Amino acid sequence: MAQPHAIFFSADRGRPPAPVRDWVDAHGLAIVLLDSESEVMARALRGRPAAMILDARTSAPAALACCQRLKSDSFTAVIPAVVLAAQSDLALHDAFEAAADEVVRESTPAAELRARLDTMLRRAERDVRVHPSTRLPGAPEIEADIGRRLDAGEKFAVCYADLDHFKEYNDRYSYFEGDRVIRILAKILHDVVKGLVPEGSFVGHIGGDDFIYIIPVHNVKEVSEEIVSIFDSLVPYQYSEQDRRAGYFFGKDRRGQLHRVPLMTVSIGIVTNERRIFVNAAQVSELATEMKSYAKTLPGSVYIMDRRHDSGGIDAIVGAGER
């Protein structure tokens with residue numbers, strides 16, 4: 001695997017000053033020196049660097065143009081970019097207008113430079129760990145939260161929430177409306193979980209219409225029933241009046257055959273470590289996915305909690321919302 005690297009771009013083939021080199025070394029990064037904007041983009045698109053340092057000490061227009069180009073591409077925009085300026089020849093406004101994440105000057109004290117660049121990296125890491133549409137933590141943070149709880153010996157429940165008939169809704173009402181429904185579900189999950197369990201709870205977004213919330217075991221019934229109840233009360237209003245009154249619409253399956261599509265429901269599969277011993281987050285995730293899949297075979301909005309022991313045998317608690 002290639003060593004993580006930082007790109008230092010200088011149109012005039014300048015070299016990074018000692019404090020910048022020390023910071024790069026402290027993070028275990030290789031430094032790649034480039035003097036071509038096109039080469040910077042090509043390198044960034046091939047393998048995302050940990051940071052981009054743009055030298056504006058002697059050629060500010062080139063550095064700002066490179067920064068702006070980098071930030072205009074959705075793939076490379078997440079790369080943290082710092083503009084290195086001379087003492088006073090670059091207005092901060094110009095650098096931030098070019099979408100720079102940070103600006104440091106040659107005169108910036110070394111300790112301050114390290115602190116500001118470390119903060120820049122933390123911000124960038126935080127931003128890529130959340131889902132862009134819901135701003136909820138993504139899969140890496142979900143896995144990390146489960147791992148922390150396992151290491152701490154906590155008793156907890158991992159609840160996997162997924163929408164039923166969402167694809168058909170998207171096909172009928174457009175992906176724009178579908179994305180709005182996902183944000184509604186995210187808001188319900190976040191507000192219910194954090195409202196009922198302010199401490200020791202977590203809500204994450206795997207992607208699409210798949211969500212995870214993690215709570216203490218004794219809160220499962222109260223939280224899940226509230227989520228199901230609120231979702232079922234709001235979802236009919238995401239449909240046209242005709243579809244809402246009918247309680248369904250006609251959609252086509254993959255073979256082009258018309259069939260009745262019910263209004264969306266939410267299925268929640270729940271796994272706890274009350275009766276099982278888990279070694280890692282992957283085991284928890286696998287079982288939560290299994291329980292979610294089983295919940296989706298049941299009619300209506302439901303939550304289903306696995307009650308099996310490590311010795312096996314099916315034993316589940318099912319809770320259903322009213323339709």
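In this text, all values refer to a predicted model and were calculated from it rather than measured experimentally.
Atoms CG and CD, on D94 and Q68 in that order, are 10.5 Å from each other to the nearest 0.5 Å. Between F166 atom CZ and T265 atom OG1 the span is 13.0 Å, to the nearest 0.5 Å. With rounding to the nearest 0.5 Å, the separation of CD in E222 from CG in L196 is 4.5 Å. Interatomic distance, OG1 of T134 versus CG of L189, reported as 10.0 Å (0.5 Å rounding). Once rounded to the nearest 0.5 Å, the distance linking CZ of F9 with CG of L34 reads 8.5 Å. How far CG of N273 is from CG of D306: 11.5 Å, rounded to the nearest 0.5 Å.
Ionic pairing of E39 and R43 is not present here: no N-O contact between side-chain nitrogen and carboxylate oxygen is shorter than 4.0 angstrom. Residues R172 and E168 are not paired through a salt bridge, judged by the lack of any N-O separation under 4.0 Å between the basic side chain and the carboxylate. Ion pairing of D118 with R114 is absent here, as no side-chain N (NZ or NE/NH1/NH2) approaches a carboxylate O to less than 4.0 Å. Salt bridge present: E177 and R180 bring a charged side-chain N and a carboxylate O closer than 4.0 Å.
Applying the ring pair (Phe, Tyr, Trp, His ring centres under 6.0 Å) test to residues at least two apart or on different chains, none of the pairs has a partner in residues 38-74. The list of salt bridge (Lys or Arg N to Asp or Glu O under 4.0 Å) pairs with a residue in residues 17-30, not counting sequence neighbours, is empty. Applying the salt bridge (Lys or Arg N to Asp or Glu O under 4.0 Å) definition to pairs two or more places apart or across chains, those involving residues 146-158 are D145-R148, D145-R149, R149-E154. Applying the salt bridge (Lys or Arg N to Asp or Glu O under 4.0 Å) rule to pairs touching residues 294-303 yields D162-K296, D164-K296, sequence neighbours excluded.
In this structure, the side chains of T119 and R123 come closer than 4.5 Å at one or more pairs of heavy atoms. When side chains are defined from C-beta on, Y160 does not count as touching S285, because their heavy atoms never get closer than 4.5 Å. V193 is listed as a side-chain neighbour of I215, based on a closest heavy-atom distance under 4.5 Å. In this structure, M52 and C66 have side chains that are not in contact, with every pair of non-hydrogen atoms separated by 4.5 Å or more. Using a 4.5 Å heavy-atom cutoff, the side chains of V24 and I53 are in contact. Between I31 and P16 there is a side-chain heavy-atom pair separated by less than 4.5 Å. With a 4.5 Å cut-off on side-chain heavy atoms, E290 and L287 count as touching. Inter-residue side-chain proximity for F202 and I146 is flagged as unmet; no heavy-atom pair is nearer than 4.5 Å.
A donor-acceptor pair under 3.5 Å links the side-chain atoms of S72 to the main chain of R69, judged by distance alone. Under the 3.5 Å distance criterion, the side-chain polar atoms of K194 are matched with a main-chain donor or acceptor of S201. No donor-acceptor distance shorter than 3.5 angstrom exists from the side chain of N280 to the backbone of G147, with no hydrogens or angles considered. Listed for the D35 side chain is no donor-acceptor partner under 3.5 Å among the backbone atoms of D12. The backbone N or O of V284 sits nowhere less than 3.5 Å from a side-chain atom of R276 that would complete a donor-acceptor pair. Checking side-chain atoms of R244 against main-chain N and O of Y237 turns up no donor-acceptor pair under 3.5 Å. Of the possible donor and acceptor atoms, one in the side chain of H205 sits under 3.5 Å from a partner among the backbone N and O of G208. Remark: the backbone N or O of C159 is not paired with any side-chain donor or acceptor of K292 at under 3.5 angstrom.
Closest approach of V302 to A295, counting heavy atoms only: CG2-O, 3.6 Å. L150 and A281 get closest at one heavy-atom pair: CD1-N, 3.9 Å. Closest approach of G251 to V261, counting heavy atoms only: N-CG2, 3.9 Å. In plain terms, the two heavy atoms of A98 and C67 that are nearest each other are O-SG, 3.4 Å. Of all heavy-atom pairs between A100 and F96, the closest is O-CD2, 3.3 Å. In terms of heavy atoms, M120 sits closest to E102 at SD-CB, 3.8 Å.
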Open item on the list: Determine whether I227 and Y213 satisfy the following criterion, side-chain contact (heavy atoms from CB on, under 4.5 Å), listing intermediate values before the conclusion.
Closed with: CA-CA 11 Å; I227 289 169; Y213 58 96; 3.6 Å; yes
Open item on the list: Between L136 and F211, is the side-chain contact (heavy atoms from CB on, under 4.5 Å) condition met? List the steps.
Closed with: CA-CA 9 Å; L136 291 175; F211 293 84; 3.9 Å; yes
Open item on the list: Is there a side-chain contact (heavy atoms from CB on, under 4.5 Å) between V82 and V104? Walk through the geometry before answering.
Closed with: CA-CA 7 Å; V82 56; V104 295; 4.0 Å; yes
Task: side-chain contact (heavy atoms from CB on, under 4.5 Å) between L263 and H165, worked out - done: CA-CA 7 Å; L263 302 189; H165 313 297; over 6 Å; no
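Through direct or relayed side-chain contacts under 4.5 Å between Ile, Leu, Val, Met, Phe, Trp and Tyr, Y248 connects to F250, L258.
Annotation for E141: atom CD counts as buried by contact number, over 12 foreign heavy atoms lying within 6.0 Å. More than 12 heavy atoms of other residues, nucleotides or ligands sit less than 6.0 Å from atom NE2 of H5.
Cation-pi geometry between R48 and F75 is met: the NZ or CZ atom falls under 6.0 Å from the ring centre, inside 45° of the normal.
Residues L45 and I79 are members of separate hydrophobic clusters, defined by side-chain heavy-atom contacts under 4.5 angstrom among Ile, Leu, Val, Met, Phe, Trp and Tyr. Residues V217 and V192 are members of separate hydrophobic clusters, defined by side-chain heavy-atom contacts under 4.5 angstrom among Ile, Leu, Val, Met, Phe, Trp and Tyr.
For the residue pair S267/Y294, the side-chain donor-acceptor check at 3.5 Å is not satisfied. Side-chain atoms of R105 and T108 form no donor-acceptor pair, as typed in the model, at a separation below 3.5 Å.
Looking at residues two or more places apart in sequence or on another chain, you find a ring pair (Phe, Tyr, Trp, His ring centres under 6.0 Å) between Y173 and Y169, Y239.
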